[in-house]
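Some notes on the structure that comes next.
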Amino acid sequence: MVILTQISLAVFGMRKMARAGSVEVMSPVMSKRLILIAGALSAWSTVRCAVTSVVTLCVSTLLGLFLVFSQPVLADSEIVVSNVRLGQQGDLTRLVIDMGQRGGTPQNVFTLSDPYRVVIDLPEVVFQLPSQAGLTSKGLVTGFRFGQFQAGLSRIVVDTTGPVAIARHFALAPQSGFGHRLVIDLKSVTPTEFSQSVGLGRPLTVPATVAPPVTTPQEPTDRRSGKRIVVIDAGHGGVDPGTHGRSGVNEKDVVLKFALELASQLRSSGRYEVHMTRDSDRFIPLRERVNITRHHHADLFISIHADAIDRRNVSGMSIYTLSETSSDKEAAALAAKENLSDVIAGVDLQGESSEVTNILIDLAQRETKNFSVRFAQTVVRNANGVTPLLDRTHRFAGFRVLKAPDVPSVLVELGFLTNRADERNLTSSSWRRRVAGSLVKSVDSYFGERYAEGSY
Ligand SMILES: [Zn+2]
């Protein structure tokens with residue numbers, strides 16, 4: 001019995017270690033799997049101990065358990081970032097990135113302004129940071145975000161109190177219980193010094209999809225399927241988590257689940273060719289979302305988001321269409337917030353040319369705006385009674401993601417993650433099914449009306 005208790009304690013201890021993240025190279029899935037193996041072995045050893053009463057056998061089983069746990073369990077290729085620690089050393093603020101037993105070399109470290117940030121690009125890693133990581137400030141650092149930036153590239157974006165320079169950076173090999181570490185020291189500089197300083201390299205440019213030339217939205221385009229083309233855009237993703245709710249649920253995850261449900265319902269109707277700007281947890285720059293939409297010659301673009309606000313009693317769905325002048329202050333503030341996505345993800349916007357404007361785009365955009373407004377009104381009608389609506393449900397503002405000149409586009413804010421009832425809805429699969437269903441109905445009647453009018 002004593003030995004059995006010891007085995008149980010050992011298994012319990014390992015579970016605790018795995019939960020606390022002490023087993024640095026273990027993913028949550030792997031640790032669960034190992035707990036199952038440990039549980040099975042523990043049950044098996046119980047039987048053996050009872051039947052044979054051979055103490056040594058039980059002890060060897062116990063040793064076997066330890067051997068199972070001491071083996072590296074992640075694929076060799078996986079680098080685990082288990083923490084990003086902040087410290088202050090004199091004038092320098094130090095970031096230490098814990099990179100487990102495998103380690104990895106940063107591909108790029110650089111600074112950006114407006115607002116001031118430090119971007120650290122790593123080869124693709126698995127982030128297993130503590131739940132509150134990135135939310136506290138220290139020295140020159142006010143917080144940080146992390147996630148996938150593009151295929152094969154993970155990114156940490158560090159917000160700073162002002163202009164900083166990378167004083168030095170170096171890697172440390174495993175030692176004294178720590179795995180591989182990457183150390184970056186930041187120092188405060190003047191704005192002039194900032195503009196002269198460089199990091200390890202320059203920002204990577206995001207490969208862009210080539211968009212087709214602008215056409216008016218009435219003009220039919222070449223289509224293989226003959227179906228109407230709808231592009232569903234799940235907001236944020238990867239290194240940009242969007243807003244978050246009371247329980248810590250991230251906008252990027254909630255909107256992806258909803259977008260997948262909507263895409264699946266539209267596809268199963270058999271009436272639409274559906275494309276998604278993302279179908280996994282990855283970052284897509286705003287301009288790229290517009291380019292993807294135009295590349296597919298979309299007939300309709302629906303961007304899915306969820307909001308958050310200090311006033312916790314505010315709730316309900318709202319829908320936005322593009323306008324240079326906002327319908328109200330809240331809509332303007334929301335657009336400004338959603339337009340920050342590229343800034344949050346550390347995209348260098350310096351090289352981006354200003355919006356292309358010519359007469360053709362203006363003409364197309366005016367026509368497009370009318371169709372966008374009509375679709376938005378249909379959505380409000382059909383959502384009424386299905387989910388709570390924010391007052392003045394349809395609003396206007398300058399969202400960058402709605403700027404495809406020839407594709408009717410709307411942005412849906414499903415609800416507020418900061419409101420208890422809305423958060424419950426946003427994380428409920430049956431609510432997702434119902435609200436996605438009402439959107440499908442709106443898409444149907446929108447195209448039905450346009451067909452009846454001879455717009456196609
Ligand atoms: Zn959003």
Side-chain angles (χ1 to χ4, degrees), residues 134 145 147-149 157 231-263 276-290 292-293 301-312 314-323 326-347 349 372 376 379 383 387 389-390 393-404 409-419 422-423 425-427 432 435-436 439:
R145 297 169 292 283
Q148 197 190 34
F149 182 67
V157 184
V231 170
I232 309 291
D233 173 53
H236 313 276
V239 67
D240 170 19
T243 58
H244 58 88
R246 299 152 64 104
S247 63
V249 57
N250 280 325
E251 178 185 355
K252 66 171 183 176
D253 299 321
V254 167
V255 298
L256 176 60
K257 279 188 182 155
F258 187 90
L260 287 166
E261 172 67 30
L262 178 58
M276 299 184 76
T277 52
R278 69 176 180 103
D279 57 7
S280 60
D281 183 18
R282 55 190 285 253
F283 172 75
I284 315 276
L286 292 173
R287 171 174 289 209
E288 181 62 6
R289 294 171 196 258
V290 175
I292 291 169
T293 307
F301 172 81
I302 306 173
S303 187
I304 305 292
H305 289 256
D307 205 354
I309 195 165
D310 292 342
R311 289 169 287 146
R312 290 183 168 189
V314 177
S315 68
M317 188 175 113
S318 50
I319 184 161
Y320 296 80
T321 50
L322 182 69
S323 169
S326 305
S327 53
D328 52 87
K329 246 189 272 172
E330 285 108 348
L334 179 70
K337 195 164 69 177
E338 298 291 12
N339 288 347
L340 275 179
S341 180
D342 291 348
V343 168
I344 282 165
V347 174
L349 297 169
S372 306
V379 169
T387 188
L389 302 178
L390 189 68
T393 312
H394 174 207
R395 303 181 186 205
F396 310 84
F399 292 89
R400 283 184 62 203
V401 78
L402 300 180
K403 286 193 172 173
S409 304
V410 300
L411 184 144
V412 179
E413 294 279 349
L414 293 169
F416 289 82
L417 279 168
T418 36
N419 178 267
D422 274 11
E423 189 186 24
N425 279 340
L426 286 159
T427 50
R432 272 199 294 273
V435 177
L439 278 173

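Numbers here are sequence positions counted from 1. Treat the numbers as computed from the prediction; the structure is a model and nothing was measured. Side chains included, hydrogens not; waters and symmetry mates left out as well; all remaining heavy atoms used. Start at 1 and go down the list; that is how both ligands and their atoms are numbered.
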Worksheet entry | Enclosure of H244 NE2 (heavy-atom neighbours >12, cutoff 6.0 Å) |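 No - once you tally the heavy atoms of other residues, nucleotides and ligands closer than 6.0 Å, there are 12 at most.
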
Worksheet item: Side chains of E251 and T243: is there a donor and an acceptor less than 3.5 Å apart?
Response: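 Present: a donor and an acceptor within the cut-off.
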
Discussion item. According to salt bridge (charged side-chain N to carboxylate O under 4.0 Å, His left out), does anything in residues 234-244 pair up with another residue at least two apart or in another chain? List the pairs.
Written reply: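 Applying salt bridge (charged side-chain N to carboxylate O under 4.0 Å, His left out) to every pair that reaches into residues 234-244, excluding sequence neighbours, yields nothing.
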
Worksheet item: Protein N, O or S atoms less than 2.8 Å from the Zn ion (ligand 1), ignoring waters?
Response: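 Counting only protein N, O or S atoms under 2.8 Å from the Zn ion (ligand 1), the list reads H236 NE2, E251 OE2, H305 ND1, E338 OE1, E338 OE2.
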
Worksheet item: Would you find a donor on one side and an acceptor on the other, under 3.5 Å apart, between the side chain of R145 and the backbone of A345?
Response: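 Such a contact is absent between R145 side chain and A345 backbone.
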
Worksheet item: Is D342 paired with R287 through a side-chain N to carboxylate O contact shorter than 4.0 Å?
Response: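 Looking at R287 and D342, the cut-off is not met.
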
Worksheet item: Could you state the interatomic distance from CG (L262) to CZ (R432), rounded to the nearest 0.5 Å?
Response: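 CZ of R432 is found 12.0 Å from CG of L262.
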
